[in-house]
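Please read all numbers here as calculations on a predicted model, not as lab measurements. Note: hydrogens, waters and symmetry copies are ignored here, and every other heavy atom, side chains too, is used. The first residue of the sequence shown is numbered 1, and numbering continues consecutively from there.
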Amino acid sequence: MAGILKNQLVKRLACFTKGLSVDKIDLDILSGRGYLDNLELDEQFMSSVLELPQWMCFTKILCSKIRIKVSFTKLKSEPIRIFIDTVFVEAEIGKQCNRQAINVQQKLADAGLAANGPTSYGYVEQVIDGMHITVSTLRLTVQLQHQYVTTELNGVELVSTNRSLPVIRKQSFS
């Protein structure tokens, strides 16, 4: 069962990541926990998805220590929680990036993530809307010609948009 879920995760995340394989994902289905270390995101795809201007591009995006907690028996009352230890983002500004033209919608469709025609707001959408993401540290390094600027944000939280679920405050991954 865990193997099937891992294969589905790799298939769905393939458009966002580089070098993700089944053996890098650690799943414990009974406890509803997942672990992933050193996930590298596809810079060109993320630049296209975020619609960065042509004079700015990501050169590296790395997420260290991702922990996911899903209470399968309480999905209607408890949100999915994702904890990311550190996100390292490197970007360049001031020159034309060698960005390939990426058809974002096609790549999402290939991964089975694009909506085909009108969709209804169902159970899956409600669960996704209820997610809570916590990033301990976001470190952004921007290169402007021969100068580097680095900034760090601590305690970044992306909170649920589903008002029927409780808001999580400073909860650990225990």
With sequence neighbours left out, what residues match [X] under side-chain contact (heavy atoms from CB on, under 4.5 Å)?
X: Thr17; result: Leu13, Leu20, Leu39, Leu41
X: Asp85; result: Ser64, Lys65, Ser136
X: Asp28; result: Leu30, Ser31

State yes or no: do [X] and [Y] share one hydrophobic cluster built from I, L, V, M, F, W and Y residues joined by side-chain heavy-atom distances below 4.5 Å, directly or via other members?
X: Val149; Y: Leu140; result: no
X: Tyr148; Y: Val87; result: no
X: Phe88; Y: Leu144; result: no
X: Leu62; Y: Met46; result: no

For this session: Considering only NZ, NE, NH1 and NH2 on the basic side and carboxylate oxygens on the acidic side, decide whether Glu78 and Lys69 come within less than 4.0 Å.
Result: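 Salt bridge between Glu78 and Lys69, a charged N being under 4.0 Å from a carboxylate O: no.
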Problem set entry | Ala91 backbone acceptor or donor facing Lys60 side chain under 3.5 Å | no
Exercise. For the side chain of Gln143 and the backbone of Gln145, is there at least one donor-acceptor N/O pair under 3.5 Å apart?
Worked result: yes
Does any part of the side chain of [Y], heavy atoms only, come nearer than 4.5 Å to the side chain of [X], both counted from C-beta?
X: Leu36; Y: Asp26; result: no
X: Trp55; Y: Ile93; result: yes
X: Leu52; Y: Phe58; result: yes
X: Thr134; Y: Ile82; result: no
X: Thr141; Y: Val89; result: no
X: Leu27; Y: Tyr35; result: no

For this session: State, to 0.1 Å, how close Lys24 and Gly19 come at their nearest heavy-atom pair, and which atoms those are.
Result: NZ-O, 3.0 Å
Problem set entry | Non-neighbouring partners of Asp37 that pass salt bridge (charged side-chain N to carboxylate O under 4.0 Å, His left out), sequence neighbours left out | Arg67
For this session: Applying salt bridge (charged side-chain N to carboxylate O under 4.0 Å, His left out), name anything that partners Glu90, two or more places apart in sequence or on another chain.
Result: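 With sequence neighbours excluded, Glu90 shows a salt bridge (charged side-chain N to carboxylate O under 4.0 Å, His left out) to no residue whatsoever.
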To the nearest 0.5 angstrom, please state how far the [atom1] atom of [X] sits from the [atom2] atom of [Y].
X: Asn7; Y: Ser21; atom1: CG; atom2: OG; value: 10.5 Å
X: Ile68; Y: Leu9; atom1: CD1; atom2: CG; value: 7.0 Å
X: Glu157; Y: Phe83; atom1: CD; atom2: CZ; value: 9.0 Å

For this session: For residues 134-143, pull every pair meeting salt bridge (Lys or Arg N to Asp or Glu O under 4.0 Å), keeping only residues two or more places apart or in separate chains.
Result: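 Counting only pairs at least two positions apart or across chains, the salt bridge (Lys or Arg N to Asp or Glu O under 4.0 Å) contacts touching residues 134-143 are Arg139-Glu152.
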